[in-house]
Amino acid sequence: MPQLRAPRGTRDLLPDDAARFLRFAEVARGLTERYGYRPIETPLIEQAAVFERGIGEVTDVVEKELFRIAPRTEESEAWALRPEPTAGIVRAYVQHGMQTWPQPVRLTTTGPMFRYDRPQAGRYRQFWQFDVEAIGDPGPAVDAEIIELGLRFFAEVGVQGAEVLLNSIGDPACRPAYLEALVAFYRGHAAELPPTERDRLERNPLRLLDSKDPAMAALNAVAPRTVDHLCEACAAHFAGLRRHLYALAIPYRIEPGLVRGLDYYTRTAIEFYVAGREGQQQALGGGGRYDGLVELLGGRPTPGIGFGLGLDRIALVLDEQRGTAEAAGPGHHDAPDAVVVSADPADTVGRLRIATELLAAGLRARADLGHRKLGRQLEAAGRDGAHFAVILGDELAEGQVQLRDLEAGTQRAVAISDLARELKRGASQHRHG
RNA sequence: GUGGCCUUAGCUCAACUGGCAGAGCAUCGGAUUGUGGCUCCGAAGGUUACGGGUUCAAGCCCCGUAGGCCACCCCA
């Protein structure tokens, strides 16, 4: 057992997993490109103030989950690892004057996020998100666009049964009155509240709504709903969103208990999930509208909306839906067209020379670099899933090698000068046959 | 940050009531001259997560720490 290991809550993505995450990123790139979202990369570290101000000082994410980096000198500022991508992207929007670009500015990024909480399956301290943001458009049409994009991502990576939960949590115009009504309601039932919930009532009353405490279920069912207390503008926005979703034939469920954990959200709250799964890490993605965030971070008042999808959890769901994950170990997805082996166990020079010629010709080729006897080399080539073995033997004197079809078990002599051409023909036959 | 369960070879798991740590798979090597997948033989791989304690004797009992999982908190 090695004493050095990946830090708690982090993990190595071994080749099978790493390839899968890369594929997610490729799907994300193709998709967002078509929709007109342009890539952006912001630092993994930001001034802590970006998150404290943007996300909110009293949120769990900032209070207890932020990876803080201590200042190195008295003068330097406190930094933190990004717990989510939106605050950093909005910071970049303001810093680089993107309000002068055609609005909305559609941006996307995929990368690791960091939260210092207690790890569990599907919940890591370093996790990956595919994220999209549309900044500068107030209308509900862009809300619908982004939701449709999210669902399409799930479809393209092969997740079955992805669904959308929606809610509207109002804005600064209507939320104070709603909160008042909410607090008044729970105060009226203070005797029925568990202690932790009573504490929340003072600190963050919205959170009472999505409590998992069974004792709260009955109460929450009759609690005031955000959607019933929206101001005229927010109500119109929500109705507009529903109209657009209807026109796009996108099903959704309104979830009155869906209140996002970050302060910057206004109006539309979104969550993606797959129904009927075990365990608690059900959310595969979430996001919403943040019409006040740009201003909070020093820009002009600018609306925005976005979401992030958790790639670790999507990988988990794909495993569940396939029954079991493919076996670990060397995969055959990048199986070579040919492995160059030799009857002379010592002749790595000849093998490497032929292999590099094949590589230069664009083939997937590799040389067996060991000093094993021929049988072992062929055995290894077969295990690697190679289609052909190029066997170097006495025929080298006549400028020939044996080209062996490892699947058919047949072989013939081929002139070295014809080898690349022959292999290309054979490889394409294998791919189409 | 709170509580519960768990940790034996790279992986999946054995090891009686406390009595010399094992198997399968994977890896590497061999089975008479240059031919793989099957089979046979062999090797390597362990401070039983780590640190203490009890005992003639600890993988097994006790305490602590770390990590994983589960439920909270919360979220992706």
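Nothing here was measured: the structure is a model prediction, and the numbers come from that model. All chains are named by letter (A, B, ...) in the order of the sequence lines, taking the proteins before the strands, and each is independently numbered beginning at 1.
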Starting at [atom1] of [X] and ending at [atom2] of [N], how long is that distance when rounded to a whole Å?
{"X": "His371(A)", "N": "rC28(B)", "atom1": "NE2", "atom2": "P", "answer": "15 Å"}
{"X": "Leu378(A)", "N": "rU35(B)", "atom1": "CG", "atom2": "P", "answer": "9 Å"}
{"X": "Arg8(A)", "N": "rG67(B)", "atom1": "CZ", "atom2": "P", "answer": "5 Å"}
{"X": "Glu255(A)", "N": "rC75(B)", "atom1": "CD", "atom2": "P", "answer": "14 Å"}
{"X": "Lys373(A)", "N": "rC28(B)", "atom1": "NZ", "atom2": "C1'", "answer": "14 Å"}
{"X": "Arg118(A)", "N": "rG4(B)", "atom1": "CZ", "atom2": "C1'", "answer": "10 Å"}
{"X": "Arg5(A)", "N": "rC50(B)", "atom1": "CZ", "atom2": "C1'", "answer": "8 Å"}
{"X": "Asp312(A)", "N": "rC69(B)", "atom1": "CG", "atom2": "P", "answer": "12 Å"}

Inset, instruction - Please determine which of Leu258(A), Val227(A), Leu241(A) meets the side chain to side chain contact (heavy atoms under 4.5 Å, CB included) test together with Leu166(A). - result: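 For Leu166(A), the side chain to side chain contact (heavy atoms under 4.5 Å, CB included) test succeeds with only one of Leu258(A), Val227(A), Leu241(A), which is Leu241(A).
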Inset, instruction - Apply salt bridge (Lys or Arg N to Asp or Glu O under 4.0 Å) to Asp384(A) and Arg366(A), showing your working. - result: CA-CA 11 Å; Asp384(A) 276 355; Arg366(A) 83 180 61 125; 2.9 Å; yes
Inset, instruction - On RNA chain B, check which nucleotide each of Gly9(A) and Arg123(A) is closest to and give me the residue with the more 5' one. - result: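 Comparing both residues, the 5'-ward one is Gly9(A).
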Legend entry - Whichever of Ile391(A) and Tyr116(A) has its nearest RNA chain B nucleotide further upstream toward 5':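 Comparing both residues, the 5'-ward one is Tyr116(A).
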Could you tell me how far [M] sits from [N] if I compare only their [atom1] atoms? Round to whole Å.
{"N": "rA23(B)", "M": "rA9(B)", "atom1": "P", "answer": "14 Å"}
{"N": "rC61(B)", "M": "rU48(B)", "atom1": "P", "answer": "16 Å"}
{"N": "rC28(B)", "M": "rG10(B)", "atom1": "P", "answer": "16 Å"}
{"N": "rG52(B)", "M": "rA14(B)", "atom1": "P", "answer": "28 Å"}
{"N": "rC75(B)", "M": "rG1(B)", "atom1": "C1'", "answer": "16 Å"}
{"N": "rA26(B)", "M": "rC13(B)", "atom1": "C1'", "answer": "15 Å"}
{"N": "rC25(B)", "M": "rU65(B)", "atom1": "P", "answer": "41 Å"}
{"N": "rC69(B)", "M": "rC11(B)", "atom1": "P", "answer": "15 Å"}

Hey, is the side chain of [X] pairing donor to acceptor with the base of [N] inside 3.5 Å?
{"X": "Glu395(A)", "N": "rG34(B)", "result": "yes"}
{"X": "Arg313(A)", "N": "rC75(B)", "result": "yes"}
{"X": "Arg376(A)", "N": "rG30(B)", "result": "yes"}

Legend entry - Phosphate OP1/OP2 of rG68(B) contacted by Gln120(A) side-chain N/O (<4.0 Å):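 False: Gln120(A) side-chain N/O out of range (4.0 Å or more) of rG68(B) OP1/OP2.
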Inset, instruction - Compare side-chain N and O positions of Arg383(A) against OP1 and OP2 of rU27(B) and report whether any pair is under 4.0 Å apart. - result: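 So the side chain of Arg383(A) is within the cut-off, an N or O lying under 4.0 Å from OP1 or OP2 of rU27(B).
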Checking all strands, does [X] fall into the base, sugar-phosphate, or nothing category for heavy-atom contacts under 4.0 angstrom?
{"X": "Gly393(A)", "value": "base"}
{"X": "Tyr124(A)", "value": "base"}
{"X": "Ala381(A)", "value": "nothing"}
{"X": "Gln411(A)", "value": "base"}
{"X": "Asp394(A)", "value": "base"}
{"X": "Gly370(A)", "value": "nothing"}

Inset, instruction - State, with a plain yes or no, whether a side-chain heavy atom of Leu230(A) is found less than 4.5 Å away from one of Phe238(A). - result: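 Leu230(A) reaches Phe238(A) side chain to side chain.
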Legend entry - Any Arg38(A) side-chain heavy atom under 4.5 Å of Thr108(A) side chain: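 No; the side chains remain at least 4.5 Å from each other.
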Of all the choices, [options], which nucleotide is nearest to the side chain of [X] once you look at every atom?
{"X": "Glu379(A)", "options": "rG36(B), rC73(B), rA66(B)", "result": "rG36(B)"}
{"X": "Arg372(A)", "options": "rG34(B), rA31(B), rG29(B)", "result": "rG29(B)"}
{"X": "Pro119(A)", "options": "rG36(B), rC69(B), rG29(B)", "result": "rC69(B)"}
{"X": "Arg115(A)", "options": "rC75(B), rC70(B), rC73(B)", "result": "rC75(B)"}

For [N], which nucleotide is its Watson-Crick or G-U wobble mate, given both distances must be under 3.5 Å?
{"N": "rU17(B)", "result": "none"}
{"N": "rU7(B)", "result": "rA66(B)"}
{"N": "rU12(B)", "result": "rA23(B)"}
{"N": "rG1(B)", "result": "rC72(B)"}
{"N": "rC38(B)", "result": "none"}
{"N": "rU55(B)", "result": "none"}
{"N": "rU47(B)", "result": "none"}

Inset, instruction - Check the surroundings of atom CD in Gln95(A): do more than 12 heavy atoms from other residues, nucleotides or ligands lie under 6.0 Å from it? - result: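 More than 12 heavy atoms, drawn from other residues, nucleotides or ligands, come within 6.0 Å of this atom.
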Inset, instruction - May I ask you to check whether over 12 heavy atoms, not counting those of Tyr116(A), lie within 6.0 Å of atom OH? - result: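 Not buried by this count: 12 neighbours or fewer within 6.0 Å.
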Inset, instruction - Considering only NZ, NE, NH1 and NH2 on the basic side and carboxylate oxygens on the acidic side, decide whether Arg364(A) and Asp337(A) come within less than 4.0 Å. - result: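 Salt bridge between Arg364(A) and Asp337(A), a charged N being under 4.0 Å from a carboxylate O: no.
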Legend entry - Residues touching RNA chain B, which here means a heavy atom under 4.0 Å, drawn from residues 400-409 of chain A: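 Heavy-atom contacts with RNA chain B come from Gln402(A), Arg404(A), Asp405(A), Leu406(A), Gly409(A).
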Inset, instruction - Using the six-membered ring wherever Trp is involved, compare the ring planes of Phe307(A) and Phe130(A) and label them parallel, tilted or perpendicular (cut-offs 30° and 60°). - result: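 Rings of Phe307(A) and Phe130(A): perpendicular, over 60°.
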Legend entry - Sole candidate of Glu145(A), Arg106(A), Arg152(A) that passes side-chain hydrogen bond (donor to acceptor under 3.5 Å, both in side chains) when paired with Tyr35(A):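 Exactly one option meets the side-chain hydrogen bond (donor to acceptor under 3.5 Å, both in side chains) with Tyr35(A), and it is Arg152(A).
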Inset, instruction - Flag as yes if Phe127(A) stacks onto the base of rA76(B) (centroids under 5.5 Å, planes under 30°), otherwise no. - result: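 Stacking between Phe127(A) and rA76(B): present.
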Legend entry - Leu378(A) backbone acceptor or donor facing Arg383(A) side chain under 3.5 Å: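 Checked: no pair found.
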Inset, instruction - Give the C-alpha distance, both sets of side-chain angles, the deciding distance and a yes or no for salt bridge (Lys or Arg N to Asp or Glu O under 4.0 Å) between Asp312(A) and Arg11(A). - result: CA-CA 11 Å; Asp312(A) 307 80; Arg11(A) 57 182 183 148; 2.7 Å; yes
